[in-house]
Amino acid sequence: MSLQVMFFDVDGTLADTERDGHRVAFNQAFSEAGLDWDWSVPLYGDLLSVTGGKERIRYFLRKYMPEFVPPGDDLDDFIADLHRRKTSHYLKLLQQGEIPLRPGVARLLHEARREGIRLGIATTTTPANVEMLLRTTLGPDSLDWFEVIAAGDIVPEKKPAPDIFQYALQEMDVDAENCLVFEDSENGLASSMGAGCRTLVTVNEYTRNQDFSGAWAVLEHLGEPGRPAKCLQGVPIGSGIVTVQALKNAW
Ligand code: XBP
Ligand code: MG
């Protein structure tokens, strides 16, 4: 068993998209639809326990507005419409270049490509969101760096179910034991571990205090030369600068 493939989660892992991206876009969609809902930064922390934007709106209504009756009495249509609006606002935010990649992400991707490591993406978010993030941060060619972009409703069950990683493994025809997954959340870790993949977690503001038992390594971020990350749990990697060589040494 050896390091042959790297799978990346998107939201929270490639970039801090949740607080200043998805959350803001949800609020813009609510306001556009004439709703006075406001998902504050702390409230959104609770809502993140459910992955998937449509699933998150449904969870919000059930938990915080149980009396709410959607126009036309059709909840699925109502949520789908709100989510379409949200996606369009989110894409605009990405286009404006508001959301940079996290430390070390671009560096490690470039390095992995040079070293012949195969790349894939496994995420809960909508495919158009992934494509726009890659295009605006790494350039239009970067979509081709990934042999599979497994995203959104392509599988029946979103994270923490293992479906999206199982799908990505199958598409790339690789064994889980030769893969390393990069995740940022407990739901993501449960999903990748459920598919049998070794997982490196980089925490963020929303996920810092989650339970990462079973993760191979947990770091603040991937680190940059001159800006090493703290290794928080598990195997320490490369004195806080995650490189392909450091990963191979620790494997
Ligand atoms: C990401 C998500 C996504 C985004 C919203 O989870 O939960 O739902 O917040 O995306 P993960 P959509 O990083 O674990 O894949 O609104 O496009 O669903
Ligand atoms: Mg994530």
Side-chain angles (χ1 to χ4, degrees), residues 6-30 33 39 41 43-61 76 78-94 99 101-102 105 120-134 146 148-168 181-195 197 199-208 210-212 215 218-219 221-222:
M6 289 179 181
F7 285 115
F8 287 83
D9 167 51
V10 175
D11 297 301
T13 301
L14 292 186
D16 269 323
T17 51
E18 294 292 3
R19 193 190 69 179
D20 301 326
H22 290 292
R23 185 187 68 88
V24 172
F26 278 114
N27 284 331
Q28 288 172 335
F30 300 153
W39 285 4
V41 171
L43 171 64
Y44 197 68
D46 171 46
L47 301 179
L48 278 174
S49 62
V50 172
T51 66
K54 295 187 285 294
E55 293 80 356
R56 190 166 298 143
I57 296 170
R58 195 179 296 276
Y59 168 72
F60 166 74
L61 287 172
D76 288 349
F78 172 75
I79 290 177
D81 174 65
L82 266 184
H83 190 254
R84 263 191 301 274
R85 293 172 191 264
K86 176 260 169 179
T87 298
S88 128
H89 286 293
Y90 180 69
L91 292 173
K92 272 184 222 144
L93 287 172
L94 289 180
I99 300 171
L101 295 178
R102 295 192 64 192
V105 168
I121 281 182
T123 173
T124 290
T125 201
T126 303
N129 298 348
V130 185
E131 288 160 22
M132 185 65 86
L133 180 73
L134 292 177
F146 300 91
V148 62
I149 297 185
D153 299 323
I154 202 164
V155 288
E157 290 284 325
K158 292 184 177 169
K159 300 174 188 178
D163 303 27
I164 198 76
F165 284 103
Q166 287 165 343
Y167 174 87
V181 169
F182 293 84
E183 269 290 352
D184 70 301
S185 71
E186 194 176 334
N187 279 329
L189 174 65
S191 176
S192 64
M193 279 175 41
C197 296
T199 308
L200 185 155
V201 174
T202 49
V203 300
N204 56 54
E205 185 197 334
Y206 275 129
T207 66
R208 188 170 294 277
Q210 294 181 349
D211 179 5
F212 294 120
V218 182
L219 289 94
H221 49 77
L222 295 176

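Hydrogens, waters and symmetry mates are skipped; everything else that's a heavy atom, side chains included, is used. Remember, predicted model here, so these are calculated numbers, not experimental data. We count ligands from 1, going down the list as the structure has it; atoms in each ligand are counted the same way.
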Indicate whether the side chain of D46 and that of Y59 have a donor and an acceptor atom separated by less than 3.5 Å.
yes
Using a cut-off of strictly less than 2.8 Å, determine whether E183 has an N/O/S atom near the Mg ion (ligand 2).
no
Rounded distance [0.5 Å steps], CG in L134 versus CG in N129:
11.0 Å
Starting at CZ of F8, measure out to CG of L14 and round the result to the nearest 0.5 Å.
7.0 Å
Geometric class of the F60/F30 ring pair [parallel <30°, tilted 30-60°, perpendicular >60°]:
parallel
Quick one: the OD2 of D9, the Mg ion (ligand 2), O of D11 angle, rounded to 10°, please.
90°
Value for CZ (R208) from OG1 (T202), rounded to nearest 0.5 Å, stands at 10.5 Å
Between CG on residue D153 and CD on residue E55, distance to nearest 0.5 Å:
6.5 Å
Strictly under 4.0 angstrom, heavy-atom based: which residues surround ligand 1?
D9, D11, E18, H22, Y44, T51, G52, G53, R56, H83, K86, T123, T124, T125, T126, N129, K159
With the Mg ion (ligand 2) as the reference point, give the N/O/S atom of D184 that is nearest.
OD1
Over 12 foreign heavy atoms within 6.0 Å of CD, E205
yes
